[in-house]
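Let me begin by presenting the structure, written as structure tokens, before commenting on it.
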Amino acid sequence: MSQQEPAKTYEPQAVEPAISDQWLASDAFRPQHGEEAYCIVIPPPNVTGSLHMGHAFTFTLQDSLIRWQRLSGKETLWQPGTDHAGIATQMVVERLLDKEGLHRRDMGRERFLDRVWQWKEHSGGTIVNQLKRMGASCDWSRERFTLDEGLSRAVREVFVRLYEEGLIYRGKRLVNWDPVLETAVSDLEVQHEEEQGKLWHMCYPLADDPAQHIIVATTRPETMFGDAAVAVHPEDDRYKHLIGKQVLLPLTDRAIPVIADEYVDPAFGTGCVKITPAHDFNDYEVGKRHDLPQINILTPRAHMVDEEAVPEKYRGMERYEAREHVVADLDAAGLLHKIADHVHQVGRGDRSHAILEPYLTDQWYVKIAPLAEPAIKAVEDGDIRFVPDFWAKTYFEWMRNIQDWCISRQLWWGHRIPAWYCESCDHITVSRGTPECCEGCGGKGIKQDDDVLDTWFSSGLWPFSTLGWPDATPEMAKFYPTNVLVTGFDIIFFWVARMIMMGIKFTGQVPFRDIYIHALIRDAQGQKMSKSKGNVIDPLEMIDRYGADALRFTLAHMATPGRDVKLDEKRIESNRNFMNKIWNAARFVFMNRGDAKPDASFKPASEVNKWILAELDAVRAEVDQAFSEYRFNEAAGALYNFIWGTYCDWYVEAAKVALYGDDEAAKAETQVVMLTALEGWLRLLHPICPFITETLWQTLHGPDARLVSDAWPQPFGEHDDDAVRRMRLVIEVVSAIRSIRGEMNVPPGKRIAASIACNDNVRADLTAQQGLLMNLARLETLDWLAADAELDAAAVAPLAQAKVFLPLAGLVNVEEEMKRLQKGIQKLDGDIAKLETKLTNPKFRDNAPAEIIGKVQAELEEAVAKRADFMASMEKLKKL
RNA sequence: GGGCGAAUAGCUCAGCUGGGAGAGCAACGGUCUUACAAACCGUAGGUCACAGGUUCGAUCCCUGUUUCGCCCACCA
């Protein structure tokens, strides 16, 4: 059977799955021998996740780096895995249970966790499979999960060691409490949103003269039952006389003191603030300064407590229901002075979106300052480098003002805190394993803490826990510190900072050398993509429609450092066209290859062939440079320009002259070089577009060949500068002729006559390529003229080294050409004026480097000459 | 309130060390030229946000202004 002819149009759907299977079936993604190691740990996607454009973006960049380094001969590891994502996952499973009419509290912890694990086994692989579709070359045999055995051991090790050093402690403090999820969250998980609220002005009567009152302004009237004082500014003359007196808390029978504290801003509201230490962060601090009682009035679900502090009427009410009643009752009692509109910040939970409560609870904290200090220094000293570097500023800003980290969560899905409480004494046993008894008194009655750790606690260990820490594994020795972390700026605090702190603390080394921070993917209008807005572009849909390579190329091409990516489907479409262009260029090469094979050591004789190899070398250097600086857009751009603009537009067209000609030697040489160049740029493009390049590679080298495990191109050695110069000259002349043809509307197929006036050297350069020139410019005849010759009745294109004439006879009318010349002259006049001003400026002549002056001088001379040519041509036309 | 980023062609954006203003898409004109019409050839289009400053020279460096975006922050 004859081999099937490749389709005229590239169909990624037809080739990608098979290529993907080949890679996965082989060991291509496992670290292979190499002198140097190169490692990236994947930012573990949530196990609940499915691939969105942000993932597609970050993983494209990471895969490009890994494939580039792998081809370059490094021993590469891209360490994959997923994150258990405590709250997110628990919410997903709870929602599923809800449909079955089940609630986790009814099921109990064990049964609930069984269900979550079941869910994880069943659905947790989604994103990993999607990653594989993108072509991500992770070593899948090393896939990790933050809750698996090894990583859990690392978590316990870290917890115990920090506890033993006094860097983890338990304390009762005000935390951000999510009343829907009923758990504490960290400061970072609070989203501050500006909302339209009200400022209620409430009257608190004086105890010794109830006819008088002071007015407090508050955004939270329902918390008044937790009030412990009213505060005024010590220098506020309006209230100075009241300091130390008591006021009556309305709707209750309590009296509270008026205190003085500089926290109060006399200019805001009434200048009197109710102090509610158990329900407001500022008031908590004020309360501590004045030794005020902390009166809790809310349940974990933010209902009013059934306790003495709250009058019976309000007990059990939800917080906002209570608010309405309190306000109404105050109004009825004549104690509501006024209600003003007020815009203020409200803290919401980033998962539940519930309004958070400052809430007094026992939680575990990491004392962070001692960990932060060396982590700051590592970036200051350049042991870790942010790219772009301005992110370091953001990092420093946060790290230098860092607060202790609340790490306990009142959830079930996660690493359970390895602390046990004793029934008979106060001792807390913190242990790597499961203790038999209390370390303090030896009592057998111990019970483990119910809470789990913040998900980011385990993520913070990811770069070393995945490599086998706390054991001294070969992978730790070889791949740690890892080379680069690629991630978005949204998790610099959540994740990046914590990995740096934990990494330095527990391995004594930074976890990665470079941090490449990429931007966010937005929609074509610059809006953040979100399901609710309905503007989400689904990467899998894009892969279905245009292929993974088109998507990857688009993302890489748009990855300009530090700038958000506005993604328009049209861009993906046009890069799909690029893939199609590549497909067809390769198809042409295969159709015309004869028996030739690529040969990187081959030394061609023809200038066209020398030239393309030189250009290929140049683009290889460009791509290397771009990747090494994380300038993905430049790597992609250089490849696009070379493959389409140089190889396809010029080289393939030029090669046809030899391929279709009679000179067998020239033909054979061209076959080798066009294959060699194709082979070269397939390698260069592979990191960004692995599928199409692998497919074509196997067409080139046979079904057993694998580009994924092959090598980066080597330089071709010495270049023939003359060949490059001559080819560029040919391109310039051909372009000039095409330009006139286009403007004169000469049909592309029509062969015309041309004359070129130039000196002997240029003529020698051009005659060396005369056949090529005539072919590309579609010339019938080509005549040579003396350098200063003029041709009557011809359109002229003055170039730096030559004048090209196209006789008008039978081509165009004179008026068209006159117009064209006029336009050219006008433009040159402007250029000449500017250049002359510059050159006649003595300051410029005195100060500018000779090189620049020479350049400007040359530009001026060229412009003047061109103008003269145009003028001369015009004069002649006028005579006709 | 503090900080960061951005402003370049109709649209989306490159422009890395100060000396040429560029690409893709869209538009317009011409082409089925034996790899590709998802293509080819060509044309047009910009006061580089504004105002100053430094410099022989500024899209680029500095200062200020305006607009947009983001992050951080306890004004009840």
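Sequence lines set the chain letters: A, B, ... in the order given, protein chains first and strands last, and positions in each chain run from 1. Just so it is clear, the structure is predicted and the values come from calculations on it, not from any experiment.
Between A:Trp644 and A:Phe578, the ring-plane angle classifies as parallel under the 30° and 60° cut-offs. Between A:His518 and A:Tyr516, the two ring planes are tilted [angle within 30° to 60°]. Classification of the A:Tyr395-A:Phe386 ring pair by plane angle, with boundaries at 30° and 60°, yields tilted.
Between B:rC28 and B:rA44, the two C1' atoms lie 7 Å apart (nearest whole Å). The gap from the C1' atom of B:rC60 to that of B:rA38 amounts to 37 Å, rounded to the nearest Å. For the C1' atoms, the distance from B:rA6 to B:rU65 is 16 Å, rounded to whole Å. Using P as the reference atom, B:rG3 and B:rG64 are 11 Å apart when rounded to the nearest Å. Look at the C1' atom in both B:rC48 and B:rU59: the space between them is 5 Å, to the nearest Å. Between B:rC25 and B:rG45, the two C1' atoms lie 14 Å apart (nearest whole Å). B:rC4 and B:rA9 have their P atoms separated by 26 Å, given to the nearest Å. Rounded to a whole angstrom, the distance from the P atom of B:rA58 to that of B:rG20 is 10 Å.
The pair A:Glu573-A:Lys570 does not meet the salt-bridge criterion, since no charged nitrogen lies less than 4.0 angstrom from a carboxylate oxygen. Electrostatic pairing of A:Arg348 and A:Glu195 counts as a salt bridge here, judged by a charged N lying under 4.0 Å from a carboxylate O. Ion pairing between A:Glu357 and A:Arg220 holds under the 4.0 Å rule for side-chain N and carboxylate O.
Contacts of A:Tyr660 with the nucleic acid, taken as non-hydrogen atoms under 4.0 Å apart, involve only primed sugar atoms and P, OP1 or OP2. As judged by a 4.0 angstrom heavy-atom cut-off over every strand, A:Trp200 is placed among residues making no nucleic acid contact. Note on A:Asp265: a base of the nucleic acid sits closer than 4.0 angstrom, heavy atoms only. Among the atoms of the strands shown, none is found under 4.0 Å from any heavy atom of A:Val589. Among the protein residues, A:Arg576 comes within range of the nucleic acid bases, having at least one heavy atom under 4.0 Å from a base atom. No contact: A:Thr394 has no heavy atom under 4.0 Å from any strand. Nucleic acid contact class of A:His557 (heavy atoms, under 4.0 Å, all strands): none. Counting non-hydrogen atoms under 4.0 angstrom, A:Gly547 reaches nothing in the nucleic acid. Nucleic acid contact for A:Gln345: base, since at least one base atom lies under 4.0 Å from a heavy atom of the residue. Looking at heavy-atom distances under 4.0 Å, A:Lys274 makes no contact with the nucleic acid at all. Here A:Phe281 lies out of heavy-atom contact (under 4.0 Å) with every strand. When heavy atoms are screened at a 4.0 angstrom cut-off, A:Gln191 is found touching no nucleic acid atom at all.
Taking atom CZ on A:Phe489 and atom P on B:rC72, their separation rounds to 10 Å, with Å as the unit. The nearest whole Å value for the distance from the CZ atom in A:Phe396 to the P atom in B:rC4 is 14 Å. Taking atom CD1 of residue A:Ile492 and atom P of nucleotide B:rG3, one finds them 18 Å apart after rounding to whole Å. A:Lys581 places its NZ atom 4 Å from the P atom of B:rC40, with the value rounded to the nearest Å. Look at CD1 on A:Ile737: it is 22 Å from P on B:rG30, rounded to the nearest Å. Whole-Å rounding puts the A:Ile643 CD1 to B:rA38 P distance at 21 Å. At whole-Å resolution of the value, CZ in A:Phe588 and P in B:rA39 are 18 Å apart. In this entry the distance linking CD of A:Glu193 with C1' of B:rC70 reads 15 Å, nearest Å.
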- Where along nucleotides 15-24 of chain B does protein come under 4.0 Å, by heavy atom, of base (B) or sugar-phosphate alone (S), with - for untouched nucleotides? -B--B-----
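Paired runs in RNA chain B that reach 3 or more consecutive Watson-Crick or G-U pairs, where each pair keeps both distances under 3.5 Å, cover B:1-7 with B:66-72, B:10-13 with B:22-25, B:27-31 with B:39-43, B:49-53 with B:61-65.
If you look at A:Trp177 and A:Tyr359, their ring centroids are closer than 6.0 Å.
If A:Met558 and A:Arg845 are placed on RNA chain B by their nearest nucleotide, the residue sitting closer to the 5' end is A:Met558. Take the nearest nucleotide of RNA chain B for A:Thr270 and for A:Cys648: the residue whose nucleotide is more 5' is A:Cys648.
Within the 4.0 Å cut-off from OP1 or OP2 of B:rC40, at least one side-chain nitrogen or oxygen of A:Trp644 is found. Here A:Lys570 does not reach the OP1 or OP2 of B:rC25: none of its side-chain N or O atoms lies under 4.0 Å away. Proximity of A:His342 to the phosphate of B:rA76: a side-chain N or O atom is located under 4.0 Å from OP1 or OP2.
For A:Thr9, whose side chain is taken as the heavy atoms from C-beta onward, the closest listed nucleotide among B:rA35, B:rG42, B:rA38 is B:rA38. In the set B:rC56, B:rA76, B:rA38, B:rA76 carries the atom at the smallest distance from any side-chain atom of A:Phe268. Nearest to the side-chain atoms of A:Arg587 among the listed nucleotides B:rG3, B:rA44, B:rA35 stands B:rA35. Set against B:rU43, B:rG30, B:rC41, the side chain of A:Lys823 has B:rU43 as its closest nucleotide.
Although no hydrogens or angles enter the test, the distance criterion places no donor-acceptor pair under 3.5 Å between the side chain of A:Arg400 and the main chain of A:Ile376. Listed for the A:Asp261 side chain is a donor-acceptor partner under 3.5 Å among the backbone atoms of A:Tyr263.
Judged by distance alone with a 3.5 Å cut-off, no donor-acceptor contact links the side chain of A:Glu397 to the base of B:rA73.
A:Phe588 carries A:Lys656 over the face of its six-membered ring, with the cationic atom under 6.0 Å from the centre and within 45° of the normal.
The shortest side-chain heavy-atom distance between A:Arg587 and A:Lys8 falls under the 4.5 Å cut-off. No side-chain heavy atom of A:Glu189 sits less than 4.5 Å from a side-chain heavy atom of A:Leu356.
Just one of A:Arg323, A:Arg319, A:His279, A:Lys274 meets the side chain to side chain donor-acceptor pair (under 3.5 Å) condition when paired with A:Thr223; it is A:Lys274.
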